[in-house]
Amino acid sequence: MSAPCEPRATAPASAPPPPVPPVPPVASATASAAAPAARRPALDWRIRFAGLSLIWGFSFLLIKVGTEGYAPFQVTFGRLLAGTAVLVAAMAMRRERLPRSARTWGHLTVAALLLNALPFSLFSYAELTIPSTLAGICNATSPLWGMALSVVALSEDRPTRRRVAGLGVGFLGVLTVLGAWQGFSGLDLPGTGMALLASFCYPVGWIYVRRTLAGTGSSTLALTGSQLCLATVQLAVVTPLFTSAPTSFPLLPTLSVLALGALGTGLAVLLQYGLVQEVGPTTAQMVTYFIPVIATAAGVALLGEQLSWNTPVGALVVLVGAALTQSRPRRSAAAAQAPPPVPGSPSNEPAGRGPVRLSRN
């Protein structure tokens, strides 16, 4: 599953988000200005938006099914490997060049850990003990964590009263989802904690990317593909240390992992990138609010997961709070006439979010 920002030159981020998982690099102001001259996609942006929402919404179901046949680290490694293959193919077709700076590769290594390897693994481990519906809702808390972090880490962007209120409303929704008034009875606290920690990783990664990888000179696709490649290498090193090689390859879990990677971590990146270029990050990031709805519906309908009243009610409150934290004050007439900020500068990005995330989940 991981708010909008003005088009600018910057570096990649993850999933979702998906989310989100998790979100993504965006085009520079120059590229955005030139976008009308580019060839229009064959599919209307609304169809691609719906497809992206479904892909990231179903990611949590695919993780759940994948963990029924493979260890969590194996699920994460498989999805990253498949997702990287899709992006490498796209980079080859577009003849994209990899970053050359050792400094850029160093920062991308950290970004890969914070935005891909760590949150993807945490979600896989979390879904061993919690339903996919709860994981999808936890993913929607990323904007809330981002707002909380912005107070400390992004001092140039002062939070408004509305956004602070959204933070409070959002965490009230989290408590509702978790059934705090019941003492969290029946809730797997370690699993839920890992899902929330995974969602927390995204804004931390966005802030890091914002401060270290803006204006590198490489394309968004090249940076994102490089980042996913590094995350795959990280999992290739870690996975053998904690798991043994699988003795069998059950069909349904294998297909789920491949779909999770090729669609949710590969194709989704390309869809989101295209949407940001065509309709702007503000509209493209709205997919974030559909992810928990689709994840909940998929978990209940296809996996038979139980749903109590507080789960959908709390999820709705979380989404309201998340929307409030992303609200921006209206620009004054003087500000509207001011020259646009330099692409990649801090003033281009909303607090706590940084680049719109690719590979939300």
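Each residue takes its place number in the sequence, starting with 1.
For the pair Thr141 (side chain) and Cys138 (backbone), a donor-acceptor distance under 3.5 Å is present. A donor-acceptor pair under 3.5 Å is formed between the side chain of Glu305 and the backbone N or O of Ser132. Without hydrogens or angle criteria, Ser101 side chain to Arg103 main chain gives a donor-acceptor distance under 3.5 Å. Between the side chain of Arg48 and the backbone N or O of Leu43, at least one donor-acceptor pair lies under 3.5 Å. Here the side chain of Thr243 pairs no donor or acceptor atom with the backbone of Pro240 at under 3.5 angstrom. Looking only at distances, a side-chain donor or acceptor of Thr84 sits under 3.5 Å from a matching main-chain atom of Leu228. Not one N or O on the side chain of Thr325 forms a donor-acceptor pair closer than 3.5 Å with the backbone of Leu167.
A side-chain contact (heavy atoms from CB on, under 4.5 Å) with Leu270 is found for exactly one of Leu87, Thr224, Leu275, Leu52, namely Leu87. The residue from Leu187, Ile137, Thr192 that alone fulfils the side-chain contact (heavy atoms from CB on, under 4.5 Å) condition with Val177 is Ile137.
Under the 4.5 Å side-chain heavy-atom criterion for Ile, Leu, Val, Met, Phe, Trp and Tyr, Val75 and Val238 are members of the same hydrophobic cluster. With hydrophobic clusters built from ILVMFWY side chains whose heavy atoms lie under 4.5 angstrom apart, Val233 does not share a cluster with Val269. Under the 4.5 Å side-chain heavy-atom criterion for grouping Ile, Leu, Val, Met, Phe, Trp and Tyr, Val320 is not connected to Leu172 through any hydrophobic cluster. Cluster annotation: Leu128 and Phe242 are assigned to the same hydrophobic cluster (Ile/Leu/Val/Met/Phe/Trp/Tyr, side-chain heavy-atom contacts under 4.5 Å, transitive). Residues Leu260 and Leu252 share a hydrophobic cluster, clusters being chains of Ile/Leu/Val/Met/Phe/Trp/Tyr side chains in contact below 4.5 Å.
Side-chain contact between Phe58 and Leu302 is present, with at least one heavy-atom pair separated by less than 4.5 Å. Counting heavy atoms from C-beta on, the side chains of Leu108 and Pro99 come closer than 4.5 Å. No side-chain heavy atom of Leu303 sits under 4.5 Å from any side-chain heavy atom of Pro131. At a threshold of 4.5 Å between non-hydrogen side-chain atoms, the residues Thr76 and Asn116 do not count as touching. When side chains are defined from C-beta on, Phe123 counts as touching Asn139, because their heavy atoms get closer than 4.5 Å. Val164 is listed as a side-chain neighbour of Met147, based on a closest heavy-atom distance under 4.5 Å. For the pair Phe171 and Trp145, the minimum side-chain heavy-atom distance is below 4.5 Å. When side chains are defined from C-beta on, Leu223 counts as touching Thr104, because their heavy atoms get closer than 4.5 Å.
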_As a quick check of understanding, evaluate side-chain contact (heavy atoms from CB on, under 4.5 Å) for Thr288 and Leu319, giving each step before the final call._
CA-CA 9 Å; Thr288 300; Leu319 293 179; over 6 Å; no

*asked:* With side-chain contact (heavy atoms from CB on, under 4.5 Å) as the criterion, how do Ser53 and Ile294 come out once you've worked through the C-alpha distance, each side chain's angles and the decisive distance to 0.1 Å?
replied: CA-CA 8 Å; Ser53 301; Ile294 296 172; 3.8 Å; yes

_One pair to check against side-chain contact (heavy atoms from CB on, under 4.5 Å): Val110 and Thr212. What are the steps and the verdict?_
CA-CA 10 Å; Val110 178; Thr212 61; over 6 Å; no

*Test side-chain contact (heavy atoms from CB on, under 4.5 Å) on Phe60 and Ile291 and set out the steps.*
CA-CA 9 Å; Phe60 297 96; Ile291 293 174; 3.7 Å; yes

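Going from atom OG of Ser218 over to atom CG of Leu213 covers 9.5 Å, rounded to the nearest 0.5 Å. A distance of 10.5 Å separates CH2 in Trp105 from CD in Gln227, rounded to the nearest 0.5 Å. Atom OG1 of Thr311 and atom CD of Gln306 lie 10.5 Å apart (nearest 0.5 Å). Atom OG1 of Thr239 sits about 10.5 Å away from atom CG of Leu81, to the nearest 0.5 Å.
A side-chain N or O of Glu96 and one of Ser219 form a donor-acceptor pair less than 3.5 Å apart.
The two atoms that bring Ser256 and Val65 nearest to each other are OG-CG1, 3.1 Å, heavy atoms only. Contact record, Asn310 with Gly179: ND2-N, 3.8 Å, taken as the closest heavy-atom pair. Between Gly146 and Pro203, the shortest heavy-atom contact is CA-CB, 3.5 Å. Across all non-hydrogen atoms, the minimal contact from Ser199 to Ser142 is O-OG, 3.0 Å.
Taking the six-membered ring where tryptophan is involved, the planes of Tyr70 and Phe249 are tilted, since the angle between them lies from 30° to 60°. Taking the six-membered ring where the residue is Trp, Phe49 and Trp45 present perpendicular rings, their angle passing 60° and hence far from 30°.
More than 12 heavy atoms of other residues, nucleotides or ligands shown are found within 6.0 angstrom of CZ on Phe73.
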